[in-house]
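Notes for the one structure printed next.
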Amino acid sequence: EKTGLGRPALPEEVAAWDVAVLPDGTGLPEGSGDVFTGDEVFAEKCASCHGDFAEGIDNWPVLAGGQNSLTNRRPVKTVGSYWPYLSTVWDYIHRSMPFGAAQTVTADEAYAITAFILYSNGLVEDDFVLSKENFTEVRLPNEGGFRPDDRAEAEYPLFTGEPCMADCAGDLKITKRAVDLNVTPEDPDGKPAGTLPPLTLAAAGDVAAPAEEAAAEVAPAEEAVATETAAADPALVEAGEKVFKKCKACHKVGDGAKNATGPMLNGIVGKAAGAVDGFKYSKPMQAAAEGGLVWSHEALAEFLANPKGYMKGTKMSFAGLKKAEEIDAVIAYLGTFGG
Amino acid sequence: EADPLITEVQDWASSFGDPVDAAPYGTPIRFESHVVRRNVEWLTESPVSSINFTPIHALEGTITPQGCAFERHHSGAIELSKADYRLMISGLVETPMVFTYEDLMRFPRTVTTAFCECAANGGMEWGGAQLEGCQFTQGMIHNMEYTGVPLRLLLEEAGVKPEGKWVYVEGADASSNGRSMPLEKALDDVLVAFFANGEALRKEHGYPVRLVVPGFEGNMWVKWLRRIGVYDQAVESREETSKYTDLMADGSARKWTWVMDAKSVITSPSPQAPIRHGKGPLVITGLAWSGHGKIDRVDVSLDGGKNWQTARLSGDVKPKALTRFHLDIDWDGSELLLQSRAMDETGYVQPTKDQLREIRGLNNVYHNNSIQTWWVRADGEVENVEIA
């Protein structure tokens with residue numbers, strides 16, 4: 001029985017939101033793209049996380065390789081080694097990528113990137129062109145590797161029935177201790193983060209006197225920050241914040257910013273290169289740092305325009321900002337974060 | 001010696017406390033400031049595509065406050081107003097439909113309590129004991145009382161065509177995080193929810209509207225729900241192929257492993273909740289749940305699984321919801337190897353880690369519902385261990 005609530009969706013509304021692509025090709029739009037174009041688009045939009053060859057940077061997803069690794073202790077689950085359907089690749093690129101700028105990949109670009117990922121997995125030749133027409137002809141190697149949930153047959157009979165209540169095991173020894181791995185986040189006192197404080201403390205943060213001394217030592221370091229930033233144009237800074245979305249996946253700024261895939265960037269404008277504490281720089285960056293490189297506005301602008309051209313071998317896998325306005329804006333934005 | 005807290009007049013017993021409206025929407029008293037969600041930074045590359053953990057070691061009862069219920073985002077928690085909210089039903093339906101938030105508020109509502117557990121809860125523990133504290137080992141779970149519209153009513157409004165067998169749900173955030181489920185589940189107990197624990201959903205839980213899929217893995221509980229598509233097949237999206245599938249030891253993989261099997265954990269004592277009061281009366285408290293229905297029984301072992309005793313189930317036992325258990329013992333101050341073992345109404349008994357490893361191997365990131373062992377030392381400190 002219908003309530004009459006809601007309204008029929010208009011065709012153009014359905015077209016805008018109903019964009020899922022299914023294994024049989026349902027939902028694919030017209031279009032095509034070749035490996036060569038895909039390589040270029042991938043370098044620009046994807047490589048900063050997934051690597052130039054889809055090999056994955058740090059813990060970002062690896063998209064290529066890993067064939068025959070699924071039984072290894074460290075399986076590498078890629079499009080070529082694990083993903084069952086090509087439609088998933090196209091759909092995800094088109095609908096959810098790039099990270100931080102979803103739905104900016106055109107249909108042709110999605111075909112091209114997908115073609116490049118097939119190529120990087122050794123599944124097609126470099127002259128391959130993927131299109132709506134030939135899409136379903138491409139099958140991924142692990143399509144047959146999946147089966148629907150079989151726990152009801154494979155597990156539940158084994159785990160059902162009245163369990164043992166007494167004398168169920170012989171002598172037991174501790175074989176593994178989490179403390180040996182030492183990877184749990186910790187509170188300042190070395191206990192696992194969030195450990196309930198003893199009732200003698202009013203609150204978890206209330207630690208005895210030494211904390212005050214430590215605070216006193218830190219204070220003098222916070223001296224006057226760069227003066228350059230004082231005159232920053234608010235509109236430019238705002239524009240820069242938007243541009244910085246392209247950088248955010250790897251670089252953090254602001255209160256409590258920490259190193260991530262890239263170094264944290266508080267105070268970077270005017271700072272010596274390669275000098276952010278705790279970040280492991282590439283060899284070329286270390287060499288530039290030793291050579292006295294300072295991130296002046298000019299140096300940053302050159303670097304951001306073409307990172308790999310400016311510094312061959314830099315870990316910063318980013319194609320670069322093409323527009324001078326974007327570069328100026330992002331530097332102005334970065335300038336608002338003191339060291 | 002007399003207690004000065006009793007014999008001397010304290011400030012709070014003489015002068016004023018806060019007036020009303022000092023905090024029009026209150027926050028926990030500062031003495032509880034440690035009871036917060038926490039993440040494990042090395043787990044993920046970016047905090048906008050990451051997860052944090054419910055402080056279950058510090059909570060009691062069964063309802064998880066929204067403010068400390070774990071968050072999992074794939075592209076950050078978005079800000080979507082009720083005015084800007086639209087829900088579309090498309091695909092194999094008689095009439096593709098659009099509903100506003102106000103439309104949803106005019107459909108008949110229902111109230112249900114359900115646990116939401118990430119399929120990866122306990123995933124870091126497959127290889128061995130790894131993280132110190134049930135917040136980190138079992139804390140990808142929360143349990144709330146939801147109010148919303150049965151998805152069935154919305155599907156009926158659009159009219160599902162006979163060839164429609166699957167329902168695909170996706171969010172309005174940049175990840176869109178789409179998942180497929182069989183039409184039978186969508187017509188059964190799935191809720192399009194807008195209230196949790198009596199108030200509007202918090203932003204991080206999908207304000208203004210999220211899906212509630214009782215018993216199924218958390219990834220399917222799509223937040224900022226934007227579209228429901230009816231199809232004749234599964235969409236096989238990224239979240240149900242490359243992720244949330246279970247790689248077995250032989251290199252094959254299970255897909256569509258939606259249901260969360262029965263599981264339990266002792267929340268105190270635990271590594272973040274050591275025993276500080278010495279020997280004598282000790283309350284052992286924990287949580288049990290099953291995606292297949294009601295918890296039937298929970299047993300507790302003090303000696304690593306050699307001997308078991310049945311715990312009390314406290315409060316109402318609801319299907320596909322967290323159940324609290326308690327066991328009150330007289331601790332003699334000796335070491336304990338604490339374990340809990342849940343059984344649900346289907347007769348399923350929570351397995352050991354080794355039983356699961358024997359079937360699935362070590363590469364099975366998801367669905368680790370095995371028995372947890374806590375080593376309580378004589379000094380009351382507690383460690384996450386494995387025994388054999």
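Throughout, a chain's letter reflects where its sequence line sits, starting with A, and its residues are numbered from 1. Note that the coordinates shown come from a computational prediction; the quantities given were computed from them, not determined experimentally.
When only modelled atom types and interatomic distance are considered, B/Arg238 and A/Thr88 share no side-chain donor-acceptor pair under 3.5 Å. A donor-acceptor contact under 3.5 angstrom links the side chains of B/Thr245 and A/Tyr82, judged on distance only. No donor-acceptor contact under 3.5 angstrom links the side chains of A/Asp149 and B/Thr257, judged on distance only. Side-chain contact annotation: A/Arg73 with B/Asn363, donor-acceptor N/O pair under 3.5 Å present. A/Thr3 and B/Glu157 are linked by a side-chain donor-acceptor pair at a separation below 3.5 angstrom, with hydrogens and angles left out of the test.
Rounding to the nearest 0.5 angstrom, the gap separating the NZ atom in A/Lys77 from the OG atom in B/Ser242 is 8.5 Å. The line from CG of A/Leu158 to CD1 of B/Ile359 is 5.0 Å long, rounded to the nearest 0.5 Å. Summarising the geometry, atom CH2 belonging to A/Trp17 is positioned 10.0 Å from atom CZ belonging to B/Arg227; distances are rounded to the nearest 0.5 Å.
Counting heavy-atom pairs closer than 4.5 Å to chain B, the top-ranked of the candidates A/Pro23, A/Gly100, A/Pro84, A/Ala102 is A/Pro23. In terms of non-hydrogen atom pairs under 4.5 Å with chain B, the most contact-rich of A/Gly27, A/Ala101, A/Gly170, A/Ala154 is A/Gly170. The candidate from A/Thr160, A/Leu22, A/Asp187, A/Asp171 with the greatest count of non-hydrogen atom pairs under 4.5 Å with chain B is A/Leu22. The choice from A/Asn68, A/Asp150, A/Val21 that makes the most heavy-atom pairs within less than 4.5 Å of chain B is A/Asp150.
Heavy-atom distances place the side chain of A/Tyr92, and not its backbone, under 4.5 Å from chain B.
If you look at B/His74 and A/Phe99, their ring centroids are not closer than 6.0 Å.
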